[in-house]
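As a basis for the values below, the full set of heavy atoms in this structure was taken, side chains included, without hydrogen atoms, waters or symmetry mates.
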Amino acid sequence: MSIGIKIDHVKKMYGKNTVIPDLSLEVKPGEFFTLLGSSGCGKTTLLRMIAGFNSIEGGEIYFDDKKINDIAIYKRNIGMVFQNYAVFPHMSVYQNVAYGLKQRHLPKEEIESRVMAMLKEVQIENLKDRYPSDMSGGQQQRIALARAIVIRPDVLLFDEPLSNLDAKLRVEMRLVIKRLQNANKITTIYVTHDQEEALSMSDRIAIMKNGVIQQVGTPYQVFNDPVNLFVATFIGQSNIFEGVLKQGEGDASVVLPTGETLPVARKVQGENDQAVKVVIRPTDFAIKEGKGDLSGTVKEKIFLGTEVRYTVLLSDAKEVEVHVSSRHPTKNVGDSISLSVNASTVNVFRCDSGDSLMEEKA
């Protein structure tokens, strides 16, 4: 049965340097939970605290109702997959995966049955007698994954496991990891700086900055309803505008310094004439024939098969990124272009704090 994880006001210091000041978080049983942030934000430090590799200077961590702060690493029943694979080079594939089971003194027949079943799940059963030095990075990561899951851990921890793989292998291994996690219902915490990984694999995501969690939500929530400007600009590409909020009866808009107006279809919790910042994703523009919300000139054009990416120079010399389907008639560099905005996707933020002004969805 899957367990839940509770992190209650934990604190981490290295000497006088506070890395995590006061962090609380709950991970649901069987959940694939991702810690997402840039290098140095504290995500790996937190993961290592859960694993037992790092000390805890304050607060508590629980597996269900069991406090684990002072429990030895080997007694936490954790499976961990590292960035550098950490497979044993002097052991065969079979021996690597069997290692944790032998440490638990299981019967030989059970070890063989569980190892072979796991090697089949990660699709390297035909390589069981090979050594890591004769295998690709992707194959070595499959060994590490099998070794972590075969012990039937209560918690599975991943520390940037795909960073050393090429783009194609990363996509392939995402599917393998998610499929195995779903099949085994293991509560999982996954650390990454890769937004695409986080969005494609997670049940929920915690976005971190300077040891502080900025937002916790589903991939849809953090992408479409960011709680502040940091989250909005960290997840995906964003175009930022500054303007003045205009509140009408049941609708809102933001007037730019050029006099152009950006429509906002959702309710905004701000005051009339308040200075605000607006975030619009490149995919939330459409090319319009005739007058649109914005106008400018195509500065750059990149064709990517299914998509065309434009850099557009607006009338006030501001540059924006615009991504549209290649099935629509395309523009060329130097062409005038008119853009309409998908008003239902516009997010508005305070200029001072960067906090969202959007009314929460029911």
Side-chain angles (χ1 to χ4, degrees), residues 2 5 25 27-39 41 43-44 46-47 79-83 85 121-123 136-142 144-146 148-149 155-209 213-227 230-238 279 281-284 304-307 309 321 323-326 342 345 347 361:
S2 302
I5 301 172
L25 184 68
V27 180
K28 301 171 185 176
E31 187 173 33
F32 194 111
F33 192 94
T34 295
L35 299 173
L36 175 65
S38 56
S39 297
C41 73
K43 58 189 186 298
T44 294
L46 179 59
L47 191 80
M80 192 154 183
V81 182
F82 299 90
Q83 180 178 347
Y85 319 135
E121 276 201 75
V122 297
Q123 300 175 343
S136 69
Q139 290 169 333
Q140 289 187 54
Q141 198 58 289
R142 287 173 189 260
L145 182 60
I149 294 178
V155 175
L156 193 55
L157 304 177
F158 289 91
D159 186 11
E160 307 242 21
L162 308 183
S163 295
N164 291 335
L165 303 180
D166 63 39
K168 184 178 179 181
L169 270 177
R170 283 202 300 272
V171 173
E172 182 181 311
M173 286 304 298
R174 282 180 211 159
L175 297 174
V176 172
I177 290 171
K178 186 60 178 173
R179 175 172 53 81
L180 287 172
Q181 190 268 341
N182 274 333
N184 292 277
K185 306 298 182 188
I186 305 172
T187 305
T188 297
I189 300 180
Y190 189 99
V191 162
T192 185
H193 65 273
D194 189 306
Q195 304 164 29
E196 192 174 299
E197 270 182 30
L199 292 171
S200 65
M201 299 174 70
S202 311
D203 294 318
R204 286 192 302 152
I205 300 169
I207 299 170
M208 294 183 65
K209 177 186 178 185
I213 291 177
Q214 303 294 307
Q215 182 173 0
V216 177
T218 65
Y220 180 91
Q221 287 169 334
V222 298
F223 186 86
N224 291 295
D225 299 307
V227 297
F230 173 80
V231 174
T233 54
F234 186 80
I235 294 283
Q237 286 184 267
S238 299
V279 169
R281 305 285 187 191
T283 51
D284 292 331
L304 294 173
T306 59
E307 182 180 70
R309 297 186 176 183
E321 293 296 314
H323 301 172
V324 297
S325 170
S326 61
N342 182 349
T345 63
N347 282 286
K361 293 181 179 178

query = Any donor and acceptor pair, going by atom type alone, linking the side chain of Asn164 with main-chain N or O of Gln83 inside 3.5 Å?
reply = yes
message = Under a 3.5 Å distance rule, please check whether Gln141 uses its side chain to pair with a backbone N or O of Pro161 as donor and acceptor.
response = yes
task = Spell out, as yes or no, whether a donor-acceptor pair under 3.5 Å connects the side chain of Lys178 to the backbone of Met201.
result = yes
request  = Might you work through the side-chain contact (heavy atoms from CB on, under 4.5 Å) test for Glu160 and Glu197, ending with a clear yes or no?
outcome  = CA-CA 10 Å; Glu160 307 242 21; Glu197 270 182 30; over 6 Å; no
ask   = If you measure from OG on Ser2 to NZ on Lys28, what distance do you get to the nearest 0.5 Å?
value = 13.5 Å
ask   = Is there a side chain to side chain donor-acceptor pair (under 3.5 Å) between Gln181 and Tyr190 once you walk through the steps?
value = CA-CA 11 Å; Gln181 190 268 341; Tyr190 189 99; over 6 Å; no
message = With a 3.5 Å distance limit and no angle check, can you tell me whether Thr34 reaches the backbone of Ala198 through a side-chain donor-acceptor pair?
response = no
message = Tell me if a side-chain donor or acceptor on Ser326 pairs with a main-chain N or O of Gly305 at a distance below 3.5 Å.
response = yes
message = Show the nearest heavy-atom pair for residues Pro226 and Val231, with the distance to one decimal.
response = CB-CG1, 3.7 Å
ask   = Does Glu196 have any side-chain contact (heavy atoms from CB on, under 4.5 Å) partners at least two apart in sequence or in another chain, and if so, which?
value = Arg174, Asp194
inquiry  = Less than 4.5 Å apart, side chain to side chain, heavy atoms only: is that true for Leu46 and Ile189?
reply    = no
ask   = Rounded to the nearest 0.5 Å, how far apart are CG of Leu47 and CE of Met80?
value = 4.5 Å
task = Mind listing the closest non-hydrogen atom pair of Val81 and Ala144 along with its distance?
result = CG2-O, 3.9 Å
key: Audit row: Asn184, Leu156, side-chain contact (heavy atoms from CB on, under 4.5 Å) steps and yes/no   = CA-CA 11 Å; Asn184 292 277; Leu156 193 55; over 6 Å; no
request  = Would you tell me whether Ser238 and Arg281 have side-chain atoms, one donor and one acceptor, within less than 3.5 Å of each other?
outcome  = yes
query = Would a distance-only check, ignoring hydrogens and angles, find a side-chain to backbone donor-acceptor pair under 3.5 Å from Glu321 to Arg309?
reply = no
request  = Quick one: closest heavy-atom pair of Lys43 and Thr192, and the distance?
outcome  = CE-O, 3.3 Å
query = Counting only N and O atoms by type, is there a donor-acceptor contact under 3.5 Å from the side chain of Gln221 to the main-chain atoms of Thr218?
reply = yes
task = Kindly give the heavy-atom pair with the smallest separation between Leu162 and Met173, and that separation in Å.
result = CD2-CB, 3.6 Å
request  = Supply the atom-to-atom distance Leu175 CG to Leu180 CG, rounded to the nearest 0.5 angstrom.
outcome  = 11.0 Å
ask   = Would you say the side-chain atoms of Asn347 pair up with the backbone N or O of Asp225, donor to acceptor, closer than 3.5 Å?
value = no
key: For Ile213 against Met208, the heavy-atom pair lying closest together   = CG1-CG, 4.0 Å
Nearest-0.5 Å distance, SG of residue Cys41 to NE2 of residue His193 = 11.0 Å
query = Which class fits the ring pair Phe32 and Phe158: parallel under 30°, tilted 30 to 60°, perpendicular over 60°?
reply = parallel
note = Residues Ile186 and Thr188: closest non-hydrogen pair is O-OG1, 2.9 Å
key: Backbone N/O of Val227 and side chain of Gln215: donor-acceptor pair under 3.5 Å   = yes
message = Using the rule given for side-chain contact (heavy atoms from CB on, under 4.5 Å), can you reason through Phe33 versus Ile5, listing the C-alpha separation, both sets of side-chain angles and the distance that settles it, and then say yes or no?
response = CA-CA 11 Å; Phe33 192 94; Ile5 301 172; over 6 Å; no
Heavy-atom donor-acceptor pair, Thr233 side chain to Phe230 backbone, under 3.5 Å = yes
ask   = How many angstroms lie between CG in Leu169 and CD in Gln139, if you round to the nearest 0.5 Å?
value = 9.0 Å
